[in-house]
Amino acid sequence: MIEFSYEQDYKSKREDGRLVESIAAWTEYLRHSKQLLSLPEELDEKTFLEWKAKVKKTLESMFEVPFFGQQPSPKLISTVKYDGYRTEKWEFYPFDYCAVPVLVKIPDTATPKTKAPIVFCFPGAIHNKEFVAGEPLLDKPAAHCQKFPERNRMGQYMVDNGMVSVTFDPISVGELAMRGEEGDHGIRARNEMIYGLFEYGISYPALSVYQANCFIDFCKTLPYVDAEKIGLAAHSLGTETALPLAILRDDIKVYIHNDLLSNQKERYQAVTETDVSYSNKGSDLAHIMPGKFKYFGYEDLCASLAPMYLALNEGGLDKDLETVAKAYTTMGAIDKLQITHYPKYQDSKTRIHKDENLPTHGLSPETYFEYTNTDAPDHSFRKEPSIRLIKKCFGLEK
């Protein structure tokens with residue numbers, strides 16, 4: 001196994017500063033490039049709103065998918081009654097040949113006369129909708145992931161708190177996966193599918209956003225749903241769908257982000273102390289959003305949500321969190337921004353790089369997590385801060 005380092009592999013030894021090695025040359029170019037839609041340094045409300053419109057327009061072009069034509073209406077497949085709520089399984093049809101099953105949990109209190117808020121739940125990369133919704137798992141190896149069962153059942157938490165929840169499988173995971181071995185979770189087939197998407201000019205996040213949009217629009221017509229109270233909750237890979245949705249749609253009132261807040265361009269150029277097996281420096285094909293390095297980081301995308309209710313539940317680099325706070329302060333909405341760190345880093349004294357920028361090079365995957373205050377083994381959905389902000393947004397506080 002080859003171990004790479006900045007001094008040996010990424011640093012130029014030539015007098016002209018150029019590099020022959022392609023990845024080293026490209027990474028050095030990135031280090032000296034500026035993202036075109038970073039949050040402006042000088043900010044007032046007018047400047048912010050003009051910048052926000054540019055971010056949305058750029059994201060719309062990045063997430064464009066073909067118009068697939070008229071499809072059949074969603075169908076109710078089954079209903080299971082529980083004490084205090086029911087779980088419905090629906091299918092919807094985003095494009096020709098495609099059927100997507102989802103789980104909808106409806107509290108008994110949600111009726112045409114007493115409509116309930118609705119929260120759309122997007123699990124992490126290997127989590128299936130049944131697990132996240134608190135339902136029995138399917139008899140399928142790709143649908144057996146049950147990591148942190150006491151934390152990750154966001155679909156169940158929503159209905160327990162009087163809200164309708166809709167839980168999706170990540171594309172090509174769980175029920176949407178090809179037949180695979182135990183522990184594969186559909187990832188190998190997912191990468192093959194993403195190859196087919198890329199060759200057609202579509203990213204994984206773009207297709208996932210398109211599909212989710214189809215069912216969100218339908219759910220707004222359900223008689224027991226309050227279409228004025230729509231929220232999104234996401235964990236890990238699910239944020240690649242939910243965050244763009246929150247930006248692109250005008251009807252989302254609250255977004256719950258359960259992942260570290262980071263700038264992936266900065267991560268890519270900083271992690272140089274690694275080995276050849278560490279592919280994509282912390283990413284995989286499902287995370288790739290072509291154009292992201294050119295335009296913005298996740299901190300900019302989250303900043304563009306102001307003044308929407310926003311929970312950032314797993315911290316990140318302090319400077320990135322401050323970028324989001326700057327936008328919310330500018331819009332007079334700092335009370336709608338809720339920042340929670342991993343338990344390991346909740347005390348500011350434990351964040352040893354608190355006032356530092358991310359180095360431009362020289363980090364390993366482990367030291368990158370240290371800089372960004374990330375306790376990777378503890379990565380999960382965070383129930384308490386999520387429910388707290390959603391209730392605040394929807395006026396459900398006791």
Side-chain angles (χ1 to χ4, degrees), residues 74-94 98-108 118-161 163-194 204 208 211-212 215 219 232-242 256 258-259 284 286 376-383 386-387:
K75 293 180 181 178
L76 177 61
I77 305 302
S78 64
T79 302
V80 179
K81 185 70 179 71
Y82 296 96
D83 184 20
Y85 67 93
R86 68 186 184 275
T87 299
E88 296 180 348
K89 184 172 184 177
W90 285 78
E91 271 190 359
F92 70 98
Y93 313 102
C98 180
V100 177
V102 295
L103 295 177
V104 182
K105 301 178 82 78
I106 306 111
D108 290 348
I118 186 167
V119 179
F120 295 87
C121 301
F122 300 90
I126 60 176
H127 294 143
N128 57 84
K129 65 183 182 301
E130 285 75 21
F131 166 61
V132 171
E135 295 294 313
L137 298 185
L138 301 178
D139 185 18
K140 187 175 185 179
H144 287 179
C145 180
Q146 301 186 74
K147 188 175 181 181
F148 292 128
E150 73 283 6
R151 302 185 198 172
N152 281 330
R153 301 190 188 277
M154 56 178 138
Q156 184 67 53
Y157 305 148
M158 303 306 163
V159 76
D160 287 344
N161 283 275
M163 293 170 280
V164 178
S165 71
V166 177
T167 306
F168 298 83
D169 282 312
I171 294 178
S172 202
V173 170
E175 194 168 6
L176 306 186
M178 293 278 276
R179 179 171 55 88
E181 298 176 356
E182 190 78 36
D184 171 55
H185 307 297
I187 291 176
R188 282 192 288 269
R190 182 174 74 195
N191 284 336
E192 185 68 17
M193 180 205 70
I194 295 171
Y204 173 98
S208 187
Q211 293 194 171
F215 200 65
C219 286
L232 307 175
H235 170 232
S236 199
L237 178 62
T239 64
E240 304 280 13
T241 301
I256 308 297
N258 285 267
D259 204 352
D284 63 31
D378 199 34
H379 179 43
S380 72
F381 186 80
R382 305 288 165 176
K383 175 184 177 181
S386 300
I387 296 299

- Message: Checking side-chain polar atoms at under 3.5 Å, does Ser208 have a donor or acceptor matched by the opposite partner on Glu240?
- Response: no
- About how many Å separate CD1 of Ile106 and OH of Tyr85, when rounded to the nearest 0.5 Å? 11.0 Å
- Task: Assign the ring pair His127 / His235 to parallel, tilted or perpendicular, where the plane angle (0 to 90°) is split at 30° and 60°.
- Result: parallel
- Measure from the side-chain N and O atoms of Tyr204 to the backbone N and O of Ile171, and report whether any donor-acceptor pair falls under 3.5 Å. yes
- Note on the structure: Sorted by chain and residue number, the ring-ring contact (aromatic ring centres under 6.0 Å, His included) partners of Tyr93 (sequence neighbours excluded) come out as none
- Note on the structure: Output for pair (Met154 CE, Asn258 CG), nearest 0.5 Å, gives 7.0 Å
- Query: Is the shortest heavy-atom distance from the side chain of Pro123 to the side chain of Phe131 under 4.5 Å?
  - Reply: no
- Task: Would you check if Pro101 and Leu176 make a side-chain contact, meaning some heavy-atom pair closer than 4.5 Å?
- Result: yes
- Query: Is there a donor-acceptor pair under 3.5 Å between the side chain of Asp169 and the backbone N or O of Asn128?
  - Reply: no
- Note on the structure: Tightest non-hydrogen contact, residues Arg190 and Ala125, listed as NH1-O, 3.1 Å
- Item | Side chain to side chain, Tyr157 and Ser386, heavy atoms closer than 4.5 Å | no
- Stepwise side chain to side chain contact (heavy atoms under 4.5 Å, CB included) check, His379 with Asp259: CA-CA 7 Å; His379 179 43; Asp259 204 352; 3.5 Å; yes
- Residue pair Ala233 / Phe381: nearest heavy atoms and the distance that separates them: CB-CE1, 4.1 Å
- Are the side chains of Lys105 and Glu135 in touch, meaning some heavy atoms are under 4.5 Å apart? yes
- side-chain contact (heavy atoms from CB on, under 4.5 Å) partners for Ala242, two or more places apart: Phe122, Leu232, Ala234, Tyr255
- Kindly say whether Lys147 contributes a backbone atom to a donor-acceptor pair with the side chain of Asn152 at under 3.5 angstrom? yes
- Are any non-hydrogen side-chain atoms of Phe120 and Thr241 less than 4.5 angstrom apart? no
- Query: Any idea which heavy atoms bring Met158 and Cys121 closest together, and the distance?
  - Reply: CG-SG, 4.2 Å
- Taking all heavy atoms of Ala189 and all of Ser172, pick out the closest pair and write down the distance. C-OG, 4.0 Å
- Any side-chain heavy-atom pair of Thr167 and Glu130 under 4.5 Å: no
- Message: So Gln156 and Thr87, do their side chains get closer than 4.5 Å, heavy atoms only?
- Response: no
- Item | Phe148 versus Ser380, closest heavy-atom pair with distance | CD1-CB, 3.6 Å
- Item | Flag side-chain contact, heavy atom, 4.5 Å: Arg153 against Val132 | no
- Message: List the residues meeting salt bridge (charged side-chain N to carboxylate O under 4.0 Å, His left out) with Glu88, not counting sequence neighbours, and say none if there are none.
- Response: Arg86
- Message: Applying side chain to side chain contact (heavy atoms under 4.5 Å, CB included) to Arg382 and Arg151, what does each step give before you reach the verdict?
- Response: CA-CA 6 Å; Arg382 305 288 165 176; Arg151 302 185 198 172; 3.6 Å; yes
